[in-house]
Visitor: 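Please find one structure pasted underneath; my questions will follow.
What you see is a predicted model, and the numbers here were worked out from it, not measured in a lab.
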Number of protein chains: 2
Amino acid sequence: MTITDFLKDLVDFSEAELEDILSHFQKEIVSKSQPLVKQGQVCRKLYYVEKGIGRNYYLNSDGKEITQLFFGEGRFMTSLESFFEESPSLYNVEMLEDAEIHSISKNELELLFEKYHKMERLGRLLSTEMLTKVVHKLNAIQFQTAKERYEYMLTEYPDIIYRVPLGMIASYLGMSQETLSRIRKKKIRD
Amino acid sequence: MTITDFLKDLVDFSEAELEDILSHFQKEIVSKSQPLVKQGQVCRKLYYVEKGIGRNYYLNSDGKEITQLFFGEGRFMTSLESFFEESPSLYNVEMLEDAEIHSISKNELELLFEKYHKMERLGRLLSTEMLTKVVHKLNAIQFQTAKERYEYMLTEYPDIIYRVPLGMIASYLGMSQETLSRIRKKKIRD
DNA sequence: GGATTCTTTTGACCTATATCAAAAAACGAT
DNA sequence: ATCGTTTTTTGATATAGGTCAAAAGAATCC
């Protein structure tokens with residue numbers, strides 16, 4: 001879904017508003033694995049994923065990559081706490097495939113929030129959407145068995161699960177790659 | 001912190017705006033454990049906690065209470081996904097002490113969002129604040145040991161940790177009460 | 001199209017944390 | 001203060017899922 005359609009769907013902007021808003025976004029073609037945000041930097045951009053899948057991840061104390069969130073097509077992506085709190089990012093952000101994204105800086109976004117009531121509304125809706133998404137994940141992680149978490153992933157992100165490496169999904173679900181491999185194997189048998 | 005001060009701090013409303021907005025909130029004195037939202041109901045109210053501590057929790061398949069979030073003084077509280085998605089609540093919501101809260105219905109809130117650009121901004125700020133809070137918790141839960149999660153709780157919610165029963169904190173942190181008890185004991189020794 | 005690198009699977013073993021059960025301590029109401 | 005209830009602690013035991021290491025399978029590249 002193009003960013004234009006996406007914005008229109010969420011809030012009924014006039015053509016003029018929409019044009020103005022879109023003019024503040026920059027289209028970027030980024031290649032797989034190219035870092036968009038690095039752990040430790042303040043992330044000052046918000047991205048819309050038009051094509052591709054993004055993720056944010058961090059390196060734990062053993063140097064292992066832990067994926068925190070995936071961002072599919074038609075989603076806004078950023079290093080959440082860093083962007084909102086202007087704090088050093090806990091995460092790296094990258095695309096997992098060659099991708100087309102649209103970026104806007106925090107400053108410009110703030111200006112748009114000031115300028116348009118409807119834009120502020122858009123911001124609120126995106127925030128709450130992201131919030132419910134994270135709450136769902138928290139539910140899944142907190143008290144479910146590894147198998148149940150995998151099943152959650154299957155229903156919640158069927159599009160993503162077959163497009164990204166197993167190890168990333170395992171870390172996203174809070175389990176080791178070996179465990180996920182074994183669960184998946186068992187699943188196929190039943 | 002009173003709701004009036006809280007709102008003023010976040011967005012610079014005029015006196016008239018503030019008065020109008022506050023007139024849509026209802027002050028409620030609720031007693032400890034009185035259910036505000038029940039699992040399965042759609043939660044259509046947002047609460048501001050002026051005095052007391054609230055939580056939402058659910059009963060898992062074994063009938064055990066699992067606390068998902070605490071809401072301290074000066075926080076907005078609701079059953080997040082239920083309120084935003086108008087879906088049946090996964091959680092019960094209650095106060096853990098006799099409390100003073102201020103409630104507003106979703107409808108009235110929406111009207112205020114329509115009416116005031118600044119109100120929409122307030123909604124966005126609250127949403128993002130809640131979002132970063134949940135992201136922090138997710139970080140803590142996903143890949144930390146039980147001990148590390150307890151330490152996270154100590155720094156993030158020092159006010160709450162000594163005011164609510166151990167079992168609730170344990171379930172909030174995704175561990176058994178016994179484990180938390182043992183961790184705490186060890187901590188005291190060092 | 002074979003060599004190289006990356007990803008997934010499999011097996012053996014280990015550990016953090018769960019569970020169960022019961023004692024001890026703290027709390028609350030009379 | 002005392003009885004009953006709730007909460008916390010402690011000990012013994014069980015297990016889900018982790019770690020390590022190596023093999024098997026895919027993907028990528030000159």
Side-chain angles (χ1 to χ4, degrees), chain A residues 31-34 52-53 55 57 59-67 70 92 94-98 140-154 160-190, chain B residues 31-34 52-53 55 57 59-67 70 92 94-98 140-154 160-190:
Chain A
S31 49
K32 183 176 166 172
S33 306
Q34 171 187 329
I53 295 179
R55 65 157 178 162
Y57 69 97
L59 299 172
N60 72 4
S61 45
D62 306 337
K64 246 179 78 180
E65 289 184 1
I66 309 295
T67 296
F70 291 108
N92 301 285
E94 67 173 18
M95 300 303 295
L96 298 171
E97 306 169 348
D98 293 344
I141 289 282
Q142 190 170 4
F143 274 92
Q144 294 189 302
T145 62
K147 182 156 162 264
E148 288 167 332
R149 277 174 272 158
Y150 177 65
E151 282 159 0
Y152 147 80
M153 180 93 194
L154 276 178
I160 288 182
I161 207 160
Y162 296 113
R163 265 166 85 185
V164 311
L166 190 74
M168 290 184 194
I169 293 171
S171 75
Y172 173 78
L173 292 176
M175 66 185 79
S176 72
Q177 168 163 323
E178 293 92 328
T179 295
L180 180 53
S181 172
R182 283 185 253 259
I183 285 169
R184 206 168 54 167
K185 186 184 172 196
K186 233 191 222 155
K187 270 266 146 197
I188 291 164
R189 280 218 305 271
D190 334 314
Chain B
S31 49
K32 182 175 166 172
S33 307
Q34 171 187 329
I53 295 179
R55 66 157 178 163
Y57 70 97
L59 299 172
N60 73 2
S61 45
D62 307 337
K64 244 179 77 180
E65 290 184 2
I66 309 295
T67 296
F70 291 108
N92 300 285
E94 67 174 18
M95 299 304 294
L96 298 172
E97 308 168 348
D98 293 344
I141 290 282
Q142 191 170 3
F143 273 91
Q144 294 188 304
T145 62
K147 182 157 162 262
E148 289 168 331
R149 275 176 274 156
Y150 177 65
E151 283 158 359
Y152 147 81
M153 180 92 195
L154 275 178
I160 288 181
I161 207 161
Y162 295 115
R163 264 166 84 186
V164 312
L166 190 75
M168 289 184 193
I169 293 172
S171 75
Y172 173 79
L173 292 176
M175 68 186 77
S176 71
Q177 168 164 322
E178 293 92 328
T179 295
L180 180 53
S181 172
R182 285 185 251 259
I183 285 169
R184 206 168 54 167
K185 185 184 170 193
K186 234 192 224 152
K187 270 266 147 199
I188 291 164
R189 281 217 304 272
D190 336 312

Visitor: Are the side chains of A/Arg163 and A/Phe70 in touch, meaning some heavy atoms are under 4.5 Å apart?
Guide: no

Visitor: Rounded to the nearest 0.5 Å, how far apart are OG1 of A/Thr179 and OH of A/Tyr150?
Guide: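 It comes to 13.5 Å.
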
Visitor: In this structure, how many angstroms lie between the C1' atom of C/dT17 and the NZ atom of B/Lys186, rounded?
Guide: 11 Å

Visitor: Reckon B/Ser176 has a side-chain N or O less than 4.0 Å from the OP1 or OP2 of C/dT19?
Guide: no

Visitor: What nucleotide, of D/dT8, C/dT8, C/dT17, holds the atom closest to the side chain of B/Arg149?
Guide: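 Of the candidates, C/dT17 comes closest.
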
Visitor: Which nucleotide in the set D/dG17, D/dT7, C/dT10 lies at the smallest distance from any side-chain heavy atom of A/Ser181?
Guide: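 Of D/dG17, D/dT7, C/dT10, C/dT10 is nearest to the side chain of A/Ser181.
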
Visitor: Of the nucleotides D/dT19, C/dT19, D/dG18, which has the atom closest to the B/Glu178 side chain?
Guide: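 Nearest listed nucleotide: C/dT19.
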
Visitor: Among the nucleotides C/dT8, C/dT17, D/dT8, which one has an atom lying closest to any side-chain atom of B/Leu166?
Guide: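 Nearest nucleotide to the side chain: D/dT8.
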
Visitor: Please give, in whole Å, the distance from C/dA16 C1' to B/Leu180 CG?
Guide: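 Rounded to whole Å, this separation is 15 Å.
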
Visitor: Between B/Thr67 and B/Ser171, is there a donor-acceptor pair closer than 3.5 Å when you use the side chain of the first and the backbone of the second?
Guide: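 Answer holds: no.
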
Visitor: What is the distance from NZ of B/Lys32 to P of D/dT7, rounded to the nearest Å?
Guide: 8 Å

Visitor: To the nearest angstrom, how far is B/Gln144 atom CD from C/dT17 atom C1'?
Guide: 16 Å

Visitor: Starting at atom CD of B/Gln142, determine the distance to atom P of D/dG18, rounded to an integer number of angstrom.
Guide: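 It works out to 12 Å between those atoms.
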
Visitor: Check the distance between C/dA18's P and B/Leu173's CG and give it to me in whole angstrom.
Guide: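 Those two atoms, CG and P, are 11 Å apart.
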
Visitor: Can you tell me if A/Glu94 uses its side chain to pair, donor with acceptor, with the backbone of A/Arg55 under 3.5 Å?
Guide: no

Visitor: When you measure from the side chain of B/Gln177, which nucleotide among D/dG17, C/dA18, D/dT8 comes out closest?
Guide: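 The answer is D/dT8.
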
Visitor: Please check the phosphate of D/dT10 (OP1 and OP2 only) for any side-chain N or O of B/Lys185 closer than 4.0 Å.
Guide: yes

Visitor: Within this structure, what is the CD-to-C1' distance between A/Glu97 and D/dA27, rounded to whole angstrom?
Guide: 15 Å

Visitor: Rounded to the nearest angstrom, tell me the gap between atom CZ in A/Arg182 and atom P in C/dG11.
Guide: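 After rounding, the gap between these two atoms is 9 Å.
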
Visitor: Does any non-hydrogen side-chain atom of B/Glu65 lie less than 4.5 Å from one of B/Leu59?
Guide: yes

Visitor: On the nucleotide C/dT9, are OP1 or OP2 found under 4.0 Å from the side-chain N or O atoms that A/Arg184 carries?
Guide: yes

